[in-house]
Structures are given as structure tokens and as C-alpha cells.
Amino acid sequence: MMDLIAKSGPVIYALALCSLIAMVVTIERLIALRRSQVLPQQIVDLVESLGPGKDLSLALEICRRSPGVLSVVMRAGLENADQKWEVMRDAVIDAGRQGTPAIERNLFWLQTVAQASPLLGLLGTVFGMMQMFTSIALAGLGDPQVLSQGIGQAMLTTAEGLCIGIPALVAYNYLTSRADHLIAEIETHASRMVARLRPAEPKEAL
């Protein structure tokens, strides 16, 4: 391990930090973006039980006790159910916009790691090549085998950067796709709730 650090140079510490950030964010988002966490079945079932003229106090209390974006969106609609339909709709939309960042939270760190790690690896390679060419300028070319070994060591940080950046990019794309899917489902449930709470419009007399 110490030999790897010595060959990679100081850039290895930045790469290690990137690896740690990617691992922690990936695990945290995998837990936070579980379907049961974002879309509790109790709240989903609650949408189907709503209707104009029904007592909404129990549903409102359930939403207040349940954490999560879907609960917040539902509560916004229920608290404005006695208002005009447009007011209730706007309240639900605003609650959804405010809750969306909670689902996408910390994903930018994965994107940053995916972009920065290969560049850091390339930077380490540049430093290694500069050091190798400086040594050649001072001591001469010498043994070609030693030159090959020097180039191999210089390229080591590029490989390390790619080994960190590629999994981070895969995790970012996967988690972003999952977050987008969950947000779309929240929007669907919110639209269904608004439609169920909307009072029926009186039919015009023929």
C-alpha cells in the first residue's frame, strides 16, 4: 500500500478523498431513494381513498406524521382542499418543487467525482512525466528499461483516476435515473389527489 502511494505521488490523496466521497454518497442515496422510503404504501393508498366531501382530518393527520416528499405534497393539497381548485393545485405544485431537491440531494457530488477523478489522475501523470524528464535531463537517458518503468509509474495515477471516475459515473447515472422516476411517480400521485379532491362541476341545463 505504501509502495502504491509512493509511486502515485501526492495526487493519490485527492483520489482517495474522491473515492471516499463517491462511496459514502452512493450508499446514502441508495438508502434514501428506496421506493418504500420515498413512496410509503400508506400514503399511496391514502390517495385512492380521497374524494370531495369526505372528512380529510384523518388523512391530514397521517401525512403530518409521515416524513417524506410525498407526504409533504399530499399535506399541501389536503390543507388547501377547502380553497378554490386552482389554489389547491398551486399549493401542491409549490410543495413538489420544494421537495424535489431532497430527492436529488448530494448527487452533484457523484457527478463531480466522476468528472474530477480522471483529471486528477491525468494531473498526476503529468507530474510524474515532468519528474522523469527532469531526471533524464540531469542523468541522461541511461537504461531504456528504466525509462519504460518510469513511464509506467507515471501512468499509474491515470489508471487510478479512471478506476474511481467510471464507477462514480455509473452510480450517478443510475441514481439520477431512479430519482427522476420517483419524482415522476410523486407527480402522478399528486395529480391523482388533486383530481379526486376537485369538486364535480355542475352540469348545464339542456
Derivation of the side chain to side chain contact (heavy atoms under 4.5 Å, CB included) call for Met88 and Met193: CA-CA 10 Å; Met88 177 180 63; Met193 177 192 65; 5.9 Å; no

Full working for side chain to side chain contact (heavy atoms under 4.5 Å, CB included) between Thr112 and Phe108: CA-CA 6 Å; Thr112 301; Phe108 75 94; 4.3 Å; yes

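- Distance CG/Leu110 to CG/Leu169: 9.5 Å, rounded to 0.5 Å.
- Note that CG of Leu107 is 9.0 Å distant from OG1 of Thr26, once rounded to the nearest 0.5 Å.
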Side chain to side chain contact (heavy atoms under 4.5 Å, CB included) between Val24 and Asn106, worked out: CA-CA 10 Å; Val24 170; Asn106 293 333; over 6 Å; no

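- Interatomic distance, SG of Cys18 versus CD of Glu160, reported as 12.0 Å (0.5 Å rounding).
- One distance of note links CZ of Arg75 with CD of Glu61; it measures 10.5 Å at 0.5 Å rounding.
- For the pair Tyr174/Leu30, a side-chain contact is recorded, criterion being any heavy-atom separation below 4.5 Å from C-beta on.
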Candidate pair Ile12 and Thr157, rule side chain to side chain contact (heavy atoms under 4.5 Å, CB included), full reasoning: CA-CA 7 Å; Ile12 189 63; Thr157 54; 5.9 Å; no

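- At least one donor-acceptor pair closer than 3.5 Å links the side chain of Arg34 to the backbone N or O of Ile31.
- Annotation: the span from Gln111 atom CD to Thr176 atom OG1 amounts to 7.5 Å, rounded to 0.5 Å.
- The side-chain contact (heavy atoms from CB on, under 4.5 Å) with Val73 is formed by just one residue from the set Val194, Ile93, Ile186; it is Ile186.
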